[in-house]
Novice: 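Below is one structure. I have some questions about it.
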Amino acid sequence: MSAIRLDGKAAVVTGAGRGLGQAYAIALAGAGAAVVVNDIDASAEETVGQITSTGGKAVSEIAAIGPSESAERLVDRAVAEFGRIDIMVTNAGVLRDRVLWKMTDEDFDLVIETHMKGTFTCLRAAASRMREQGGGGRIILVGSPAGQFGNFGQVNYSAAKAGIMTMARTASLELARAEITVNTIVPTAWTQMTASIPLYEPLIAKVNAGEPLPRDVRRDHAIGMPEECAGLLVFLASDQASAITGQAIGIGGDKLTLYSHPAEAAVAFKDGGWDAAAIAQAWVSELSASEQPSGVSLPPLELSAEEA
């Protein structure tokens with residue numbers, strides 16, 4: 001199969017100074033797109049340097065994601081430098097993990113401001129410009145398994161990422177007539193955060209030495225390197241994905257996932273409606289067997305002597 005190209009397209013990637021965001025920006029540029037690289041510090045300029053050193057087109061725009069002004073600056077910069085915006089990737093994020101009873105208002109507000117509001121303001125700014133200029137567009141929001149299942153210590157982050165999922169579904173409906181697609185990706189990769197999980201502690205030295213991750217980590221845990229998630233961005237940003245919208249798609253290691261939308265797991269009916277006693281009875285007899293588990297779940301990791 002021939003390589004997918006994005007020649008003539010202009011993209012914005014938020015939070016692209018390091019990690020997954022950097023991988024997305026480099027991959028989009030490698031496919032021919034011109035990229036506005038955003039982050040809150042000079043790491044954005046480092047990513048631009050990596051892109052331009054191999055002949056790609058990129059400029060940096062340093063701004064904290066969340067406020068409307070930041071989102072509009074990014075879109076305006078794309079238009080000023082490259083004439084239009086075709087692709088928006090809302091990757092910027094921050095973590096303030098704490099259990100519920102220790103989480104402060106500041107912990108909650110910062111994560112919501114960056115992830116959820118920042119996604120909204122960038123989505124709105126990009127959609128407005130894409131509708132004005134015509135020709136459609138591709139908006140790719142970044143979710144997380146925590147937003148699908150919940151995750152201990154991440155009430156703020158899980159709430160933001162779950163909201164982003166439904167934001168994409170709704171925006172995909174509203175922007176369909178303008179031929180603008182809106183999808184969510186759910187990436188999982190080896191990052192500083194992943195390496196801090198005690199389960200993976202035996203692998204840190206090997207990964208730092210450049211050794212490959214074990215097969216069960218790549219498949220059962222869906223963990224690979226950040227650049228391995230970037231192909232999904234290139235595909236969703238391309239003409240080949242013009243009919244795909246409102247979807248949540250996971251990628252990591254050797255695993256590619258299409259997530260289901262929320263659906264009714266079980267249904268019961270009672271003529272005349274329900275009182276508490278009838279609900280209690282129906283719960284046991286008809287509904288409880290379909291209860292859904294919460295939380296990100298990883299299978300046990302059994303490393304051989306050579307892998308540990």
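Quick note: numbers below take in every heavy atom, side chains included, and nothing from hydrogens, waters or symmetry partners.
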Novice: Measuring from atom CZ of R96 to atom CG of N156, what distance do you get when rounded to the nearest 0.5 angstrom?
Specialist: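 Interatomic distance, R96 CZ to N156 CG, rounded to 0.5 Å: 9.5 Å.
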Novice: For E81, look at atom CD and say whether over 12 heavy atoms of other residues, nucleotides or ligands are found less than 6.0 Å away.
Specialist: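 Yes, enclosed.
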Novice: Kindly say whether M167 contributes a backbone atom to a donor-acceptor pair with the side chain of T170 at under 3.5 angstrom?
Specialist: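 No, because the side chain of T170 does not come within donor-acceptor range (under 3.5 Å) of the backbone of M167.
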Novice: Can you confirm whether R5 sits close enough to S238 that some side-chain heavy atom of one is under 4.5 Å from a side-chain heavy atom of the other?
Specialist: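 Result no, sub-4.5 Å side-chain heavy-atom pair not found.
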Novice: Using atom types as modelled and distance alone, determine if a side-chain donor or acceptor of N183 lies under 3.5 Å from a backbone N or O of I140.
Specialist: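 Absent.
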Novice: Is there a side-chain contact between D239 and K9 (heavy atoms, below 4.5 Å)?
Specialist: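 Yes, close enough: below the 4.5 Å cut-off.
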Novice: Would you say I26 ends up clustered with L232 if hydrophobic residues are merged whenever their side chains have heavy atoms under 4.5 Å apart, either directly or through other cluster members?
Specialist: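 Yes.
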Novice: Side-chain contact, heavy-atom cut-off 4.5 Å: R131 with I180?
Specialist: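 They are in side-chain contact.
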Novice: Does a side-chain heavy-atom distance below 4.5 Å link I251 with I249?
Specialist: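 When only atoms from C-beta onward are counted, I249 and I251 do not touch, as no gap falls below 4.5 Å.
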Novice: Can you confirm whether Y24 sits close enough to V35 that some side-chain heavy atom of one is under 4.5 Å from a side-chain heavy atom of the other?
Specialist: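 No, side chains not in contact.
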Novice: Please name the pair of heavy atoms, one in A171 and one in L123, separated by the smallest distance, quoted to 0.1 Å.
Specialist: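 Closest pair (atom of A171, atom of L123, distance): CB-CD2, 4.0 Å.
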Novice: Test side chain to side chain contact (heavy atoms under 4.5 Å, CB included) on T90 and I65 and set out the steps.
Specialist: CA-CA 9 Å; T90 62; I65 297 303; over 6 Å; no
Novice: Dump the intermediate steps for side chain to side chain contact (heavy atoms under 4.5 Å, CB included) on F152 and V99, then the final yes or no.
Specialist: CA-CA 7 Å; F152 190 94; V99 291; 3.4 Å; yes
Novice: Are the side chains of P212 and K206 in contact, using a 4.5 Å heavy-atom criterion?
Specialist: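 No, every pair of side-chain atoms sits at 4.5 Å or beyond.
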Novice: Calculate, to the nearest 0.5 Å, the distance between atoms CD1 and CG belonging to I223 and D254 respectively.
Specialist: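 It comes to 11.5 Å.
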Novice: Measure across V234 and A31 and return the closest heavy-atom pair with its distance rounded to 0.1 Å.
Specialist: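 Answer, listing the atom of V234 first, then A31: CG1-CB, 3.9 Å.
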Novice: Are L173 and V182 in one and the same hydrophobic cluster, where Ile, Leu, Val, Met, Phe, Trp and Tyr link if side-chain heavy atoms are under 4.5 Å apart?
Specialist: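 No; tracing contacts between hydrophobic side chains, which count when under 4.5 Å, never links both residues.
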Novice: What I'd like to find out is whether the side chain of V142 reaches to under 4.5 Å of the side chain of P187, using heavy atoms alone.
Specialist: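 Sidechains of P187 and V142: in contact.
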Novice: Answer yes or no: is there a donor N or O on one side and an acceptor on the other, between the side chain of S128 and the main chain of A125, under 3.5 Å?
Specialist: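 Here the side-chain-to-backbone pair does not exist.
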Novice: For a side chain to side chain contact (heavy atoms under 4.5 Å, CB included) check, start with the C-alpha distance between Q22 and E227, then their side-chain angles and the critical distance, and finish with the verdict.
Specialist: CA-CA 8 Å; Q22 182 181 73; E227 56 269 21; over 6 Å; no
Novice: Please answer: with hydrophobic residues joined when any side-chain heavy atoms are less than 4.5 Å apart, are V267 and L287 in the same cluster?
Specialist: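 Different hydrophobic clusters.
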Novice: If you link ILVMFWY side chains whenever their heavy atoms are less than 4.5 Å apart, which other residues fall into the same cluster as W274? By chain and number, please.
Specialist: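 Joined to W274, directly or through intermediates: I279.
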Novice: How close do T191 and P226 get, heavy atom to heavy atom, and via which atoms?
Specialist: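 It is CG2-CG, 4.4 Å.
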Novice: Report the hydrophobic cluster partners of V284, with the cluster defined as I, L, V, M, F, W, Y residues connected by side-chain heavy atoms closer than 4.5 angstrom, directly or transitively.
Specialist: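 Result for V284 is none, singleton.
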Novice: What closest approach, in Å, do P202 and P198 show between heavy atoms, and which atom pair accounts for it?
Specialist: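 Smallest heavy-atom distance, with atoms named: CD-O, 4.0 Å.
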Novice: So does G49 get a backbone contact from the side chain of S53, meaning a donor-acceptor N/O pair under 3.5 Å?
Specialist: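 Confirmed, S53 side chain pairs with G49 backbone.
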Novice: With the threshold set at 4.0 Å, does a side-chain nitrogen-carboxylate oxygen contact exist between K270 and D275?
Specialist: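 Salt bridge between K270 and D275, a charged N being under 4.0 Å from a carboxylate O: no.
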Novice: When you measure from the side chain of N91 to the backbone of G15, do you find a donor-acceptor pair of N or O atoms at a distance under 3.5 Å?
Specialist: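 Yes; judged by distance alone, with no hydrogens or angles, the pair exists.
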Novice: How long is the span from the CD1 atom in I185 to the OG atom in S144, to the nearest 0.5 Å?
Specialist: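 I185 atom CD1 to S144 atom OG measures 11.0 Å (nearest 0.5 Å).
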Novice: Taking D216's backbone N and O only, do any of them form a donor-acceptor pair with H221's side chain (distance below 3.5 Å, no angle check)?
Specialist: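 Absent.
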Novice: Looking only at heavy atoms, what is the nearest atom pair of G153 and M103, with distance?
Specialist: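 Closest heavy-atom pair between G153 and M103: O-CE, 4.2 Å.
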Novice: Under 3.5 Å, is there a donor-acceptor pair between the side chain of E45 and the main chain of S43?
Specialist: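 No: the side chain of E45 does not pair with the backbone of S43.
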Novice: Over all heavy atoms of both residues, which pair between R169 and S260 is shortest? Give the atoms and the distance, please.
Specialist: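 Smallest heavy-atom distance, with atoms named: NH2-O, 4.3 Å.
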Novice: T119 side chain to I164 main-chain N or O, any donor-acceptor pair under 3.5 Å?
Specialist: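 Judged by distance alone, no pair lies under 3.5 Å.
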Novice: For the pair S158 (side chain) and V155 (backbone), establish whether a donor and an acceptor sit closer than 3.5 Å, ignoring hydrogens and angles.
Specialist: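 It does not hold such a pair.
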Novice: Quick one, T14 and C122 - any side-chain contact, counting heavy atoms below 4.5 Å?
Specialist: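 Heavy-atom side-chain distance check passes, below 4.5 Å.
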Novice: Say whether, by atom type as modelled, one donor and one acceptor occur between the side chain of T194 and the main chain of A189 under 3.5 angstrom.
Specialist: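 Judged by distance alone, yes, a pair lies under 3.5 Å.
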Novice: State plainly whether one hydrophobic cluster holds both V48 and L20, where clusters connect Ile, Leu, Val, Met, Phe, Trp and Tyr through side-chain heavy atoms under 4.5 angstrom apart.
Specialist: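 Hydrophobic grouping puts V48 with L20.
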Novice: Start with the C-alpha gap between F235 and I244, add the side-chain angles, then the distance that decides, and say whether side chain to side chain contact (heavy atoms under 4.5 Å, CB included) holds.
Specialist: CA-CA 10 Å; F235 168 65; I244 302 171; 3.5 Å; yes
Novice: What distance separates Y157 OH from L95 CG, expressed to the nearest 0.5 Å?
Specialist: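 Rounded to the nearest 0.5 Å, the OH-CG separation comes out at 6.0 Å.
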Novice: Using only heavy-atom distances, determine whether the side chains of R98 and T104 contain a donor-acceptor pair under 3.5 Å.
Specialist: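 No - no donor-acceptor pair under 3.5 Å links their side chains.
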Novice: Tell me whether I4 shares a hydrophobic cluster with L233, the cluster being built from Ile, Leu, Val, Met, Phe, Trp, Tyr side chains joined at under 4.5 Å.
Specialist: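 They do share one cluster, since a chain of ILVMFWY contacts under 4.5 Å joins I4 to L233.
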Novice: So how far is it from D220 CG to R218 CZ, rounded to the nearest 0.5 Å?
Specialist: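 The distance works out to 12.0 Å.
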Novice: Nearest 0.5 Å please: distance from the OG atom of S70 over to the CD1 atom of I62.
Specialist: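 Answer for the OG-CD1 pair, S70 versus I62, is 12.0 Å.
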Novice: Verify the distance criterion only: is there a donor paired with an acceptor across the side chains of E61 and N38 at less than 3.5 Å?
Specialist: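 On atom types as modelled, these side chains do not qualify, holding no pair under 3.5 Å.
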Novice: Hey, is CD on Q133 packed in by over 12 heavy atoms from elsewhere, all under 6.0 Å?
Specialist: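 Above 12, so yes.
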Novice: Not counting sequence neighbours, which residues clear salt bridge (Lys or Arg N to Asp or Glu O under 4.0 Å) with E174? List them please.
Specialist: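 Partners of E174 by the salt bridge (Lys or Arg N to Asp or Glu O under 4.0 Å) criterion come out as none, since no residue qualifies.
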